[in-house]
Asker: 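Below: one structure in C-alpha cells.
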Amino acid sequence: MVETRGRTGRKPTGSERKPGGRASRMDRFNKPPSWRSSFNRALIAAAVFVAASILILKQKPIAGVAFGVFLVLFYTPLTFYTDSFFYKRSQAKLAGQRKP
C-alpha cells in the first residue's frame, strides 16, 4: 500500500475553507498594540521561564516565582514599546505605498 502525505481528496469548496486567509493575517498585524496583549505575552514568557528554572535548573520555587514576577514587570513595557515601534513602522510603510 502506498500512502501519500497531505490532503488526497477533492479540493474544499468556498464554504469549507477557513475564513480569512492572508487578509485576516494582515488585519491582525494592522491592529495597534495594547497593554493587555503585552501583559499576556509577558505572563506566558514568565510562566515558561519559571517552569524551566524550577524543573530544569532545580531552583527553589520561591526564587523562581519571584524572578517570574520581575520578568512580567520587565517584559510588559518592553513588548509594548517593541510592538509600537513595529506598528508605527508598518503604518508609515502602508501610508507611503498609498500616496502615489
Side-chain angles (χ1 to χ4, degrees):
M1 175 168 29
V2 177
E3 293 183 19
T4 59
R5 288 186 181 181
R7 185 176 178 94
T8 58
R10 65 176 173 74
K11 290 187 176 184
T13 63
S15 62
E16 293 173 337
R17 286 190 200 138
K18 292 181 182 176
R22 185 168 174 84
S24 67
R25 182 171 189 242
M26 293 308 291
D27 288 342
R28 184 178 74 222
F29 290 127
N30 286 333
K31 292 181 182 175
S34 68
W35 284 101
R36 183 177 183 87
S37 66
S38 297
F39 181 72
N40 289 340
R41 205 171 316 162
L43 277 178
I44 292 169
V48 169
F49 181 81
V50 168
S53 68
I54 292 172
L55 298 174
I56 297 171
L57 301 176
K58 308 287 187 205
Q59 284 188 343
K60 293 180 181 177
I62 301 275
V65 170
F67 197 64
V69 170
F70 169 75
L71 285 178
V72 168
L73 294 175
F74 179 74
Y75 282 159
T76 301
L78 180 74
T79 58
F80 178 78
Y81 290 117
T82 302
D83 288 347
S84 294
F85 170 76
F86 284 112
Y87 174 74
K88 289 174 187 174
R89 194 172 91 173
S90 69
Q91 292 301 307
K93 186 177 178 182
L94 286 174
Q97 289 176 351
R98 292 179 187 156
K99 273 189 179 178

Asker: Restricting to side-chain contact (heavy atoms from CB on, under 4.5 Å), what partner residues turn up for Leu73, sequence neighbours left out?
Answerer: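 Val69.
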
Asker: Going by atom type alone, with no hydrogens or angles, which donor-acceptor pairs under 3.5 Å involve a side-chain atom of residues 80-88 and a protein atom two or more places apart or on another chain?
Answerer:
| residue | atom | partner | partner atom | Å |
| --- | --- | --- | --- | --- |
| Thr82 | OG1 | Leu78 | O | 2.7 |
| Asp83 | OD1 | Arg41 | NH1 | 3.3 |
| Asp83 | OD2 | Arg41 | NH1 | 2.9 |
| Asp83 | OD2 | Arg41 | NH2 | 3.1 |
| Ser84 | OG | Phe80 | O | 2.9 |

Asker: Can you list everything that forms a side-chain hydrogen bond (donor to acceptor under 3.5 Å, both in side chains) with Ser37? Sequence neighbours excluded, please.
Answerer: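 Applying side-chain hydrogen bond (donor to acceptor under 3.5 Å, both in side chains) to Ser37 gives Ser34.
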
Asker: Using the test side-chain contact (heavy atoms from CB on, under 4.5 Å), find all partners of Phe49 that sit at least two apart in sequence or belong to another chain.
Answerer: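 Phe49 satisfies side-chain contact (heavy atoms from CB on, under 4.5 Å) with Ser53, Phe67, Leu71 only.
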
Asker: Val50 and Gly64: which non-hydrogen atoms are nearest, and at how many Å?
Answerer: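 Nearest pair, atom of Val50 first, then Gly64: CG2-O, 3.1 Å.
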
Asker: Please report the closest heavy-atom contact between Ser38 and Thr79, naming both atoms and the distance.
Answerer: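 Here Ser38 and Thr79 meet closest at CB-OG1, 3.2 Å.
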
Asker: Got more than 12 heavy atoms from elsewhere within 6.0 Å of CD1, Ile62?
Answerer: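 Counting other residues, nucleotides and ligands, CD1 of Ile62 stays at 12 neighbours or fewer.
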
Asker: Sort and list the pairs that fulfil salt bridge (charged side-chain N to carboxylate O under 4.0 Å, His left out) and have at least one residue in residues 52-75, not counting sequence neighbours.
Answerer: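 Counting only pairs at least two positions apart or across chains, no salt bridge (charged side-chain N to carboxylate O under 4.0 Å, His left out) contact touches residues 52-75.
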
Asker: Report the hydrophobic cluster partners of Phe39, with the cluster defined as I, L, V, M, F, W, Y residues connected by side-chain heavy atoms closer than 4.5 angstrom, directly or transitively.
Answerer: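 Members alongside Phe39: Leu43, Val72.
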
